[in-house]
Structures are given as C-alpha cells and as structure tokens.
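For reference, the structure discussed in these notes is given below.
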Amino acid sequence: MTNGIDLSGRTAIITGASRGIGLAAAQAIAAAGGNVVLTSRSQESADVAAAQVAGTALGVAAHAVDEDAARRCVDLTLETFGSIDILVNNAGTNPAYGPVIDQDHGQFVKTFDVNLWAPILWTSLVTRAWMGEHGGSVVNTASIGGMGFEANLGLYNASKSALIHLTKQMALELSPKIRVNSVAPGVVRTRLAATLWQEHEQQVCDATALDRIGEPADIGAAITFLASDAASWVTGETMVIDGGQRLGDPTLFRKGATGA
Ligand SMILES: NC(=O)c1ccc[n+]([C@@H]2O[C@H](COP(=O)([O-])OP(=O)(O)OC[C@H]3O[C@@H](n4cnc5c(N)ncnc54)[C@H](OP(=O)(O)O)[C@@H]3O)[C@@H](O)[C@H]2O)c1
C-alpha cells in the first residue's frame with residue numbers, strides 16, 4: 001500500500017516502461033502492491049527496467065504497434081499473473097518537429113501509430129482477453145500539449161489531443177466495467193522531452209507556478225491513483241499534472257508584481 005492506495009492482487013501492463021514516466025508508473029503501482037509488466041522495444045531494456053522495480057515485475061519486448069507482440073504480452077501476463085486489471089498506454093514518440101506543413105507522411109504515420117493507434121490496439125486486446133468480462137482500468141498518457149497550441153509540436157500535440165478525445169469515447173464504449181482516463185503531464189524531466197527543458201530549465205521553472213519541472217514520479221503517482229479504486233467514480237477524464245504550467249506566467253500574479 002502507498003498513499004492509502006492498495007493494488008495488491010492486481011496486475012498492470014505499462015507500455016513504454018523502460019524509463020521516464022512509464023518506469024515511474026510501474027514503480028508506483030508496484031509500491032502499492034500490484035504486479036507489473038513493463039514493455040520496451042528491446043528485451044534487454046525491459047529486463048533492466050523490471051530490475052529497478054521493488055516488487056513483482058516482468059519485462060517484455062513489444063513494439064507498441066506490433067499486434068503479434070502485444071498479443072504475446074497479454075497472453076504471457078495472463079499466464080504469469082492470472083489477470084490484467086490495469087493497462088497504462090504510455091509509450092509515446094515525437095519524430096516530427098517543426099510546422100505541420102513541413103512534415104511528411106512517414107512522420108505522421110509514426111506519430112499517430114504509436115501515440116494513438118497503440119492505445120486502441122492494447123485496450124482492445126486487454127478488453128477481449130480479460131477486462132471485458134472482469135472489469136479494469138485503463139490510463140492513457142496524453143499531454144497538456146493536446147489542450148493548446150505550441151510552435152513546432154503541432155503533429156505530436158494533435159495526436160495527444162486525439163488521445164484525450166479517444167479517452168472519452170472509449171470510456172463510454174467500455175462502460176460500465178472498464179474505466180478509461182488520461183493523464184496530461186506538463187514538462188517532465190525525461191529523455192523524450194529533453195529539448196523542452198535541458199538547456200533552459202530555470203526558464204521553465206520561472207514560468208511554472210510550483211517553481212519546478214515535473215519528475216516522472218509526479219506522473220506515476222497520478223497514474224496509480226486513476227488506476228486504483230480511489231478513482232472508482234472517475235471515467236473519461238484527463239488529469240492535468242503540470243505544476244501549474246497551463247495557468248500562465250506566475251510572476252505576473254505574485255505579490256508586488258503589478259506595483260499595486
Ligand atoms: N516528458 C514529458 O514532458 C511529457 C509530457 C507530456 C506527455 N509525455 C508522454 O509521456 C509518455 C512517456 O514519455 P517519457 O517522457 O517518459 O519519455 P521517455 O523517458 O523517453 O520514455 C519513452 C518510453 O516509450 C518507449 N517507447 C517509445 N517508442 C516505443 C514504441 N514504438 N513501442 C514501445 N515503447 C516505445 C520507450 O521505450 P524503448 O525506447 O526502450 O523502446 C520508453 O520506455 C509519452 O507518451 C509522452 O508523449 C511526456
């Protein structure tokens with residue numbers, strides 16, 4: 001049990017869990033007592049990540065859009081642990097940087113395949129294999145980028161916006177047995193987001209009400225909450241976890257800033 005959340009006896013699959021937010025989610029779910037299955041494109045990375053989890057953890061190689069690999073992962077999870085109660089659709093990619101009209105079809109397909117099709121694929125597989133009959137909770141990793149507009153991130157943000165929409169659609173389609181929610185992180189200290197913070201972390205902190213960038217564990221805790229019975233009356237929602245980044249420049253609001 002952690003923070004009052006008890007996931008003992010539950011099993012979670014977390015896609016894209018070799019590092020960053022996915023690994024932190026696996027660690028948080030395991031800390032709450034859950035069994036975790038961590039996927040990565042490489043078996044070695046999946047094994048290394050599983051070894052960083054204190055609890056029952058299994059690493060499985062599965063490219064997020066490889067249907068055969070996803071099916072094998074689902075089957076192996078059921079054989080090993082006997083249930084799939086939680087699915088975290090976390091694997092994400094951003095190969096497309098720049099104005100939308102400068103992107104090519106390959107970048108579009110990769111972005112939307114991994115960020116949007118994979119959550120549909122994995123949710124479909126776990127629903128048919130377990131959750132459709134027994135119930136469960138799905139958490140998608142979206143982004144605050146999917147709620148606004150940013151230079152150079154248009155294609156990625158469109159995929160996350162669609163994932164937020166899809167979260168609501170799937171919540172309705174899979175109700176009442178399966179809850180489907182999303183987290184929408186702000187800038188978090190991970191490899192994927194390195195260009196957003198690495199060379200100007202102080203600037204990002206200054207524009208964040210809570211004065212720091214996110215850590216993967218901040219998002220892992222929110223994912224664990226949404227996956228658990230503590231959120232048993234929450235579905236179709238997207239929880240923003242961004243330290244206040246969406247609120248705007250906090251320095252304009254702080255005491256003395258207006259000279260009043
Ligand atoms: N960091 C942020 O500021 C931020 C903000 C909003 C949303 N997000 C979202 O958070 C999620 C996790 O990203 P992160 O920031 O934690 O990045 P990260 O540390 O770079 O981790 C990305 C993870 O996704 C996996 N992955 C990438 N492509 C994959 C594929 N085709 N199949 C399976 N796994 C794949 C990687 O595994 P391998 O390389 O080992 O295969 C890795 O485990 C993504 O959906 C991202 O869009 C991040």
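We number each residue from 1, following the sequence as shown. Atoms within each ligand, like the ligands themselves, are counted from 1 in listed order.
With salt bridges taken as basic N to acidic carboxylate O contacts below 4.0 Å, none links Arg254 and Asp249.
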Residues 17-38 side chain polar contacts: donor-acceptor under 3.5 Å, at least two apart:
{"residue": "Gln27", "atom": "NE2", "partner": "Gln52", "partner atom": "O", "Å": "2.9"}
{"residue": "Asn35", "atom": "ND2", "partner": "Thr11", "partner atom": "OG1", "Å": "3.1"}

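For Glu215, the salt bridge (charged side-chain N to carboxylate O under 4.0 Å, His left out) partners at least two apart in sequence or on another chain are Arg189. Taking the ring pair (Phe, Tyr, Trp, His ring centres under 6.0 Å) definition, one finds that Trp197 meets it with nothing, sequence neighbours left out.
Residue Thr93 holds its OG1 atom at 6.5 Å from CZ of Arg41, rounded to the nearest 0.5 Å.
At a cut-off of 3.5 Å, with distance as the only test, a side-chain donor of Arg128 or Ser124 sits close to an acceptor on the other residue.
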Please produce the table of protein N or O atoms sitting under 3.5 Å from N or O atoms belonging to ligand 1, one pair a line, distance to 0.1 Å.
{"residue": "ligand 1", "atom": "1 (N)", "partner": "Val188", "partner atom": "O", "Å": "3.3"}
{"residue": "ligand 1", "atom": "1 (N)", "partner": "Thr190", "partner atom": "OG1", "Å": "2.8"}
{"residue": "ligand 1", "atom": "3 (O)", "partner": "Gly186", "partner atom": "O", "Å": "3.2"}
{"residue": "ligand 1", "atom": "3 (O)", "partner": "Val188", "partner atom": "N", "Å": "2.8"}
{"residue": "ligand 1", "atom": "15 (O)", "partner": "Thr190", "partner atom": "OG1", "Å": "2.6"}
{"residue": "ligand 1", "atom": "16 (O)", "partner": "Ile21", "partner atom": "N", "Å": "2.8"}
{"residue": "ligand 1", "atom": "20 (O)", "partner": "Arg19", "partner atom": "NE", "Å": "3.1"}
{"residue": "ligand 1", "atom": "20 (O)", "partner": "Arg19", "partner atom": "NH2", "Å": "3.3"}
{"residue": "ligand 1", "atom": "20 (O)", "partner": "Leu192", "partner atom": "N", "Å": "3.2"}
{"residue": "ligand 1", "atom": "31 (N)", "partner": "His63", "partner atom": "NE2", "Å": "3.3"}
{"residue": "ligand 1", "atom": "32 (N)", "partner": "Ala64", "partner atom": "N", "Å": "2.8"}
{"residue": "ligand 1", "atom": "37 (O)", "partner": "Ser18", "partner atom": "OG", "Å": "3.1"}
{"residue": "ligand 1", "atom": "39 (O)", "partner": "Arg19", "partner atom": "NH1", "Å": "3.2"}
{"residue": "ligand 1", "atom": "39 (O)", "partner": "Arg41", "partner atom": "NH2", "Å": "2.8"}
{"residue": "ligand 1", "atom": "40 (O)", "partner": "Ser18", "partner atom": "OG", "Å": "2.7"}
{"residue": "ligand 1", "atom": "40 (O)", "partner": "Ser40", "partner atom": "OG", "Å": "2.7"}
{"residue": "ligand 1", "atom": "41 (O)", "partner": "Arg41", "partner atom": "N", "Å": "2.8"}
{"residue": "ligand 1", "atom": "41 (O)", "partner": "Arg41", "partner atom": "NE", "Å": "2.7"}
{"residue": "ligand 1", "atom": "43 (O)", "partner": "Gly16", "partner atom": "O", "Å": "3.2"}
{"residue": "ligand 1", "atom": "43 (O)", "partner": "Ser18", "partner atom": "N", "Å": "3.1"}
{"residue": "ligand 1", "atom": "43 (O)", "partner": "Ser18", "partner atom": "OG", "Å": "2.7"}
{"residue": "ligand 1", "atom": "45 (O)", "partner": "Asn90", "partner atom": "O", "Å": "2.8"}
{"residue": "ligand 1", "atom": "45 (O)", "partner": "Lys160", "partner atom": "NZ", "Å": "3.0"}
{"residue": "ligand 1", "atom": "47 (O)", "partner": "Tyr156", "partner atom": "OH", "Å": "2.5"}
{"residue": "ligand 1", "atom": "47 (O)", "partner": "Lys160", "partner atom": "NZ", "Å": "3.0"}

